[in-house]
Amino acid sequence: MLKNISHNNQKKIALINDFTGFGRCSIAVELPIISTLKLQCCPLPTSIFSNHTGFDSYFFDDYTDRMERYVEEWKKLDLSFNGICSGFLGSARQISIVKDFIKEFKTDDTIVVVDPVMGDYGKIYSTYTDEMCGLMKELVAGADIITPNITESCILTDTPYSDMLYEKDIVELAEKLSMMGPEKVVITGIVQGTFISNYCYERKKEGKKGYFVKALKIGAQRSGTGDIFTSIIAADAVNGVDFHKSVKKASSFIKKCIMKSIELDIPLTDGVCFEELLYSLK
């Protein structure tokens, strides 16, 4: 092997999530989007699914025992990452592995994005334990950007969940999340009448800034939309795109993907046919 070769001449994102063969979610969605946005995507799988758990039957292989050996090979290559992005983590050990990964690879120039996939519709996922919740709070504290939904925002801040939150309540949630550590917070999937909103909060040197980004609600919820959103946010952050502009881009792209999926009569379980619209991402 030739010596003194650098593998770090192109910007890279380490993507830590599960790999699902069918159903358009997690790594299968995030990798092509990050690549389209001109970054090298380096996946670190947490588990392997034949298709996601929204189907009646699926094959599953837990990758936890292989993750650390996998990362050791990256260390041998002396890889560095401009971004680190994590998604669903299925155990306390996986969260701890991600924390160690960030400690090992994060530099002053690395942007860490955490999607704290913990629950939805006011309920925590059945696989989540109190230990996992505590570790996720620690993981979030070390992130630069986080993308929780309302349920996850409440869990992370120990706030009682309500499906009747006012805008001031959402603002307060975002402020609490930011105080935990992240410089930028976007609370996703907020239903406001006929709109789906994201509330963004940025902690800046000149002061704090919060704002809603709204899009007309189209169709029903589909798998993978959160992965699309987070991958665009992560790639744009590494590319230096303004946060507000990035959230608007992600929201608009998801809306177009849902419309195209409805047009093509794609089943809800099959996610959104983003492939048809990748060309429009810039």
Side-chain angles (χ1 to χ4, degrees), residues 11-20 23-37 39 41-46 52 81-90 94-95 98 101-102 110-120 125 136 139-140 142-153 155-156 174 177 182-190 196-202 213 215 221-239 241-258 271-272 274 277-278 281:
K11 288 183 177 180
K12 298 192 294 298
I13 289 181
L15 175 62
I16 310 170
N17 209 339
D18 62 84
F19 176 80
T20 301
R24 294 189 183 93
C25 63
S26 51
I27 287 174
V29 167
E30 293 174 309
L31 191 157
I33 287 175
I34 290 170
S35 299
T36 296
L37 293 172
L39 298 170
C41 181
C42 302
L44 168 55
T46 59
H52 64 69
F81 298 100
N82 305 87
I84 300 170
C85 181
S86 71
F88 177 74
L89 302 172
Q94 285 192 352
I95 300 174
V98 175
F101 183 93
I102 292 170
T110 306
I111 296 171
V112 176
V113 181
V114 172
D115 183 8
V117 186
M118 306 171 74
D120 208 350
Y125 293 139
M136 183 56 75
L139 186 62
V140 161
D144 299 295
I145 303 172
I146 60 173
T147 60
N149 59 31
I150 288 285
T151 300
E152 292 153 355
S153 300
I155 296 169
L156 289 167
L177 289 166
E183 180 183 342
K184 297 173 183 177
V185 174
V186 52
I187 300 178
T188 64
I190 305 165
I196 293 289
S197 298
N198 299 297
Y199 181 73
C200 307
Y201 186 86
E202 299 182 66
V213 174
Q221 184 175 353
R222 292 173 175 267
S223 66
T225 53
D227 298 310
I228 292 174
F229 186 91
T230 299
S231 58
I232 292 174
I233 297 300
D236 276 358
V238 170
N239 284 329
V241 177
D242 175 75
F243 188 55
H244 188 184
K245 181 179 179 180
S246 180
V247 173
K248 289 178 67 176
K249 178 204 292 187
S251 300
S252 175
F253 183 73
I254 289 169
K255 179 182 174 182
K256 289 189 291 184
C257 290
I258 291 174
V272 290
F274 68 96
L277 296 160
L278 273 175
L281 274 179

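Just so you know, residue 1 is the first one in the sequence shown, and it goes up from there.
At least one side-chain heavy atom of Cys200 sits under 4.5 Å from a side-chain heavy atom of Phe243. Within the 4.5 Å cutoff, no side-chain heavy atoms of Leu139 are placed close to those of Pro116. The closest side-chain heavy-atom distance from Ile254 to Ile232 is not below 4.5 Å.
In this structure, Glu183 contributes its side chain and Asp144 its backbone to no donor-acceptor pair below 3.5 Å. Counting only distance, with no hydrogens or angles, the side chain of Asn198 and the backbone of Gly189 share a donor-acceptor pair below 3.5 Å. When atom types are taken as modelled, the side chain of Ser223 and the backbone of Gly23 share a donor-acceptor pair closer than 3.5 angstrom. Although no hydrogens or angles enter the test, the distance criterion places a donor-acceptor pair under 3.5 Å between the side chain of Ser231 and the main chain of Ile228. Formation of a donor-acceptor pair under 3.5 Å by the Asn82 side chain with backbone atoms of Lys12 is found in this model. The backbone N or O of Thr188 sits nowhere less than 3.5 Å from a side-chain atom of Asn149 that would complete a donor-acceptor pair. The main-chain N or O of His244 is found under 3.5 Å from a side-chain atom of Asp242 such that the two form a donor-acceptor pair. Between the side chain of Ser252 and the main chain of Lys248, no donor-acceptor pair closer than 3.5 Å is present. Between the side chain of Glu30 and the main chain of Leu15, no donor-acceptor pair closer than 3.5 Å is present.
Between Thr110 atom OG1 and Ile13 atom CD1 the span is 10.5 Å, to the nearest 0.5 Å. Of the inter-residue distances, the one linking Ile111 atom CD1 with Asn239 atom CG reads 9.0 Å to the nearest 0.5 angstrom. If you take CG on Asp236 and CD1 on Ile34, they are separated by 10.5 Å, rounding to the nearest 0.5 Å. Put simply, OG1 on Thr225 and NZ on Lys255 are 15.0 Å apart, with the number rounded to the nearest 0.5 Å. Considering OG1 of Thr147 and CG of Asp115, their distance stands at 3.5 Å, rounded to 0.5 Å. Here CD1 of Ile95 is found 11.0 Å from OG1 of Thr46. Values are rounded to the nearest 0.5 Å.
The shortest non-hydrogen separation linking Pro32 to Ile27 is CD-O, 4.0 Å. The two atoms that bring Ser251 and Val213 nearest to each other are OG-CG1, 4.1 Å, heavy atoms only. Residues Asn17 and Phe88 approach most closely at OD1-N, 3.3 Å, considering heavy atoms. Minimum heavy-atom separation, Cys85 to Thr230: SG-CG2, 3.7 Å. The shortest non-hydrogen separation linking Ile233 to Ser246 is CD1-OG, 3.4 Å. Heavy-atom minimum distance, Cys257 versus Val272: CB-CB, 4.0 Å.
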Could you go through the side-chain contact (heavy atoms from CB on, under 4.5 Å) check for Val114 and Met136 one step at a time?
-> CA-CA 9 Å; Val114 172; Met136 183 56 75; 4.2 Å; yes

Would you please test Met118 and Leu156 for side-chain contact (heavy atoms from CB on, under 4.5 Å) and show each step?
-> CA-CA 9 Å; Met118 306 171 74; Leu156 289 167; 3.8 Å; yes

List the steps, then state whether side-chain contact (heavy atoms from CB on, under 4.5 Å) holds for Tyr125 with Val117.
-> CA-CA 9 Å; Tyr125 293 139; Val117 186; 3.7 Å; yes

Go through the steps for Lys249 and Leu37 under the test side-chain contact (heavy atoms from CB on, under 4.5 Å), then give the verdict.
-> CA-CA 12 Å; Lys249 178 204 292 187; Leu37 293 172; 4.2 Å; yes

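Judged by distance alone, the side chains of Ser26 and Asp18 do bring a donor and an acceptor atom under 3.5 Å apart.
Aromatic ring orientation, Phe81 versus Phe101: tilted (interplanar angle from 30° to 60°).
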